[in-house]
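Working notes for the structure below.
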Amino acid sequence: MFRYLFLAVLAVLLPLAAAAQQAAPVPNLAGMWRCVSNSQTVSIDLQLQVYPNQQLQGRGTIVYVNTSRIYNVQGAGTWSIAPPDAQVPQWLIRFQLAPQNHAIFSIFARPTGDPYSLYNLFQDPQSGSVVETSCARIG
């Protein structure tokens with residue numbers, strides 16, 4: 001009797017434990033997003049029109065901290081998704097923009113479980129510097 005009860009409890013708990021370790025699903029990214037990325041050296045504020053074919057159009061502002069360099073950027077770009085790995089069990093989304101008046105750059109975000117929100121916090125293990133990125137679906 002106890003064996004059957006134990007097996008029933010185990011059958012319920014194993015799928016729950018596996019689900020707890022799974023990465024948040026990647027939302028349908030097509031649409032308009034606003035992403036803000038901040039570090040010790042740069043602050044980026046973008047609006048991105050993301051298309052299903054891994055293309056995007058973006059516009060926004062890049063401010064280099066402690067300098068007078070401010071760029072209003074606009075251009076085409078791409079996006080891609082890297083699967084979870086052993087170190088970070090979450091998907092990683094890369095938005096790359098190629099404006100005409102600035103070097104090509106990328107920002108990175110991860111699904112949060114909310115289809116209207118992306119977030120990433122990266123800390124360089126050598127320097128300790130932090131890059132924080134938040135994105136919200138705005139359309």
Side-chain angles (χ1 to χ4, degrees):
M1 177 71 175
F2 288 111
R3 183 182 326 174
Y4 294 115
L5 182 59
F6 175 75
L7 290 175
V9 169
L10 189 61
V12 169
L13 292 180
L14 281 179
L16 291 176
Q21 294 177 0
Q22 291 178 350
V26 176
N28 175 3
L29 295 174
M32 183 68 79
W33 291 85
R34 178 171 183 222
C35 295
V36 176
S37 186
N38 291 302
S39 72
Q40 294 173 328
T41 57
V42 68
S43 181
I44 301 170
D45 186 345
L46 295 174
Q47 286 192 8
L48 302 170
Q49 177 64 55
V50 178
Y51 301 106
N53 65 356
Q54 294 187 298
Q55 301 296 308
L56 61 83
Q57 289 289 323
R59 69 175 349 157
T61 304
I62 300 173
V63 177
Y64 285 91
V65 179
N66 297 324
T67 74
S68 60
R69 293 185 296 170
I70 299 173
Y71 295 90
N72 291 312
V73 295
Q74 180 176 337
T78 60
W79 62 271
S80 60
I81 300 174
D85 60 34
Q87 293 179 342
V88 181
Q90 295 175 333
W91 295 90
L92 182 63
I93 301 163
R94 174 184 177 201
F95 297 112
Q96 185 177 65
L97 193 64
Q100 293 179 351
N101 62 332
H102 190 278
I104 295 172
F105 65 94
S106 298
I107 59 172
F108 297 87
R110 297 179 188 279
T112 62
D114 176 352
Y116 299 97
S117 176
L118 304 172
Y119 179 80
N120 190 47
L121 182 68
F122 173 76
Q123 183 169 11
D124 186 314
Q126 295 169 342
S127 70
S129 63
V130 174
V131 179
E132 183 176 23
T133 302
S134 295
C135 298
R137 184 185 301 271
I138 58 174

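- Looking at Ser37 and Val131, their side chains come closer than 4.5 Å, going by heavy atoms from C-beta outward.
- Other cluster members for Tyr51: none, since no ILVMFWY side-chain heavy atom sits under 4.5 Å from it.
- Looking at heavy atoms from C-beta onward, Pro111 lies out of side-chain contact with Pro25 at the 4.5 angstrom threshold.
- Here disulfide bond (SG atoms under 2.5 Å apart) pairs that include residues 66-116, with residues two or more places apart or in two chains, number zero.
- Residue pairs meeting the side-chain hydrogen bond (donor to acceptor under 3.5 Å, both in side chains) criterion with at least one partner in residues 109-122, sequence neighbours excluded, are Arg110-Asn120, Tyr119-Glu132.
- Apart from Ile62 itself, the hydrophobic cluster it occupies contains Val26, Leu29, Trp33, Val42, Ile44, Leu46, Leu48, Val50, Leu56, Tyr64, Tyr71, Val73, Trp79, Ile81, Trp91, Ile93, Phe95, Leu97, Phe105, Ile107, Leu118, where clustering links Ile, Leu, Val, Met, Phe, Trp and Tyr at side-chain heavy-atom distances under 4.5 Å.
- To the nearest 0.5 Å, atoms CD (Gln55) and CG (Asn53) are separated by 5.0 Å.
- The shortest side-chain heavy-atom distance between Ser80 and Arg94 falls under the 4.5 Å cut-off.
- Smallest separation of non-hydrogen atoms from Ser43 and Asn38: OG-OD1, 2.6 Å.
- The shortest distance between side-chain heavy atoms of Val63 and Thr61 falls below 4.5 Å.
- Interatomic distance, Gln47 CD to Gln49 CD, rounded to the nearest 0.5 Å: 10.0 Å.
- Minimum heavy-atom separation, Arg137 to Ala30: NH1-O, 2.8 Å.
- With a 6.0 Å radius and a threshold of 12 heavy atoms from other residues, nucleotides or ligands, Asn66 has its CG atom at or below the threshold.
- Judged as a salt bridge (Lys or Arg N to Asp or Glu O under 4.0 Å), and not counting sequence neighbours, the contacts of Asp45 are Arg34.
- Between Asn101 and Asn72, the shortest heavy-atom distance links the atoms ND2-O, 2.9 Å.
- Judged as a disulfide bond (SG atoms under 2.5 Å apart), the pairs with a partner in residues 29-106 (not counting sequence neighbours) are, in order, Cys35-Cys135.
- Residues Gln40 and Ser129 have side chains in contact (heavy-atom distance under 4.5 Å, counting atoms from C-beta outward).
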